[in-house]
Amino acid sequence: MRQRPSPAAQLMLTRLRTYYREPGSVFWTFLSPVLLALVLGVAFTDRPAEPIDVAVRDAPGAGRTVSLLDADPQLKARTLDRTAAAADLRSGAVALVVVPGDPPEFHYDPRRTESRLARELAGTALGTRRSEAPATAPGETPTVLPGPAVDIAIDVAERAPGSRYVDFLIPGLIGMGLMSSGLWGVGFSIAEIRLRKVLKRLVATPMRRSQFLLSFVVVRASFLLLELPLLVGFGALVFDTPVVGSFALLVLLTALGAFVFAGIGLLAAARATNFQTVSGILSVVSMPMYVGSGVFFSASRFPDPLQGLVQALPLTTLNDALRGVMLEGQTLADVAVPVAVLALWALGSFAAALWLFRWSD
């Protein structure tokens, strides 16, 4: 007598077949961890220690101060005016600002490990010793211990808004949210409508393809009216994350970002006939931007040969522009190039999606 197959075995076999026929599931289970390890390994691979960037205020004695600091291979000094030096210290481009004088002043954020190290190295290079008086905040009169002035350095604490890691993180999370919402929200919506055979019914209507696709883009972009204030407000209330620049310009950038990723989502789903296909496409598109576009750490961590690829990603452009406006107070003129690049991404992806899209399979 022929033995009946085990129902449990057949169900497990069915589940296994269902699983490996879904490209998205296979990607996130097997390929995603490998790619993540590869990308992060490249970004944080062991490299020779790079010198710490230090700014020297443009003042009498700046040239000699730069020479003394550059004599230490662990430091890399350059002369900047007062405004540029303060801006670079606030954004983290330099770890320390040295004001030449007798005694010299060291401006730095004592909360940053790199800044404290730069302070010690610079003090040694200039032959100064630290005052026992505590570091003072900007605007306060520093206290210097009695003794030879040349041996004493004045420490000025610069706890400027926007210099912490959480300040760096918030704009990146805004960009990542726009990317996720645009790619997965739009892509899956198109795939669902196609799977339910609704697209075939829409062929008989007087609606044009451009109107149909544009509706997805506009609705997805309108969500930023809720997403942006929520995340910016959370950062401001909980972590005191600043918005130094124009909030209106921030809205413009997020709107452009929403259009960009909604357009890419349309492009990914333009011909996809099921969830599995669109999931696989979106996984491949989104993974490089998740880990390479400076969401959680600076994109500059990647080696020079990869910088061209990293900077070409639309999320990298968006994140850099968001940080420039939020943390550095950049104006529309300062972010004109990123705005133009994002606009080209938005128009190009929508045009390509319109060209590829078909009502029927």
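All values below come from the heavy atoms of this structure, side chains included, with hydrogens, waters and symmetry mates left out.
- Counting heavy atoms from C-beta outward, R57 and H107 have side chains that approach closer than 4.5 Å.
- L75 is listed as a side-chain neighbour of L69, based on a closest heavy-atom distance under 4.5 Å.
- Separation of atoms CG (D58) and OG1 (T83) is listed at 11.5 Å; rounding is to 0.5 Å.
- L169 pairs by the side-chain contact (heavy atoms from CB on, under 4.5 Å) definition with Y165, L173, F296, not counting sequence neighbours.
- Cluster membership for V66 and V98, using ILVMFWY side-chain heavy atoms within less than 4.5 angstrom, is shared.
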Scan the side chains in residues 344-357 for donor-acceptor partners under 3.5 Å anywhere in the protein, sequence neighbours excluded, and list what turns up.
{"from": "S349", "atom 1": "OG", "to": "W345", "atom 2": "O", "distance (Å)": "2.8"}
{"from": "S349", "atom 1": "OG", "to": "A346", "atom 2": "O", "distance (Å)": "3.1"}

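- If you check the side chains of D167 and T241, you find a donor sitting under 3.5 Å from an acceptor.
- Between V97 and E105 there is no side-chain heavy-atom pair separated by less than 4.5 Å.
- Side-chain heavy atoms closer than 4.5 Å link hydrophobic residues (I, L, V, M, F, W, Y) into clusters, and following such links, even through other members, never connects V284 to L309.
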Under 3.5 Å donor-acceptor pairs involving side-chain atoms of residues 243-267, not counting sequence neighbours:
{"from": "S246", "atom 1": "OG", "to": "A248", "atom 2": "N", "distance (Å)": "3.2"}
{"from": "S246", "atom 1": "OG", "to": "L249", "atom 2": "N", "distance (Å)": "3.2"}
{"from": "T254", "atom 1": "OG1", "to": "L250", "atom 2": "O", "distance (Å)": "3.1"}
{"from": "T254", "atom 1": "OG1", "to": "V251", "atom 2": "O", "distance (Å)": "2.8"}

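- Stacking of R323 on the aromatic ring of F168 is recorded, both the 6.0 Å distance cut-off and the 45° axial limit being met.
- Salt bridge absent: R78 and D70 never bring a charged side-chain N and a carboxylate O closer than 4.0 Å.
- With hydrophobic clusters built from ILVMFWY side chains whose heavy atoms lie under 4.5 angstrom apart, V335 shares a cluster with L318.
- Taking 4.5 Å as the limit, every side-chain heavy atom of P171 sits out of range of all side-chain heavy atoms of N319.
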Q | side chain to side chain contact (heavy atoms under 4.5 Å, CB included) between I174 and M326, intermediate numbers included | A | CA-CA 11 Å; I174 293 174; M326 285 187 65; 4.1 Å; yes

Q. After noting the C-alpha distance and the side-chain angles of D109 and S115, does the key distance pass the side-chain hydrogen bond (donor to acceptor under 3.5 Å, both in side chains) rule?
A. CA-CA 6 Å; D109 189 341; S115 293; over 6 Å; no

(Q) Please evaluate residues T316 and D320 with respect to the criterion side chain to side chain contact (heavy atoms under 4.5 Å, CB included), reporting the C-alpha separation (whole Å), side-chain torsions for both, the decisive distance (0.1 Å), and the verdict. (A) CA-CA 6 Å; T316 305; D320 289 346; 3.8 Å; yes

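- In the hydrophobic clustering of ILVMFWY residues, with side-chain heavy atoms under 4.5 Å counting as a link, L96 and L121 come out together.
- Residues W184 and S189 fail the side-chain proximity criterion, which asks for heavy atoms closer than 4.5 Å.
- Clustering ILVMFWY residues whenever any of their side-chain heavy atoms sit less than 4.5 angstrom apart, transitively, puts L68 in a cluster other than the one holding L80.
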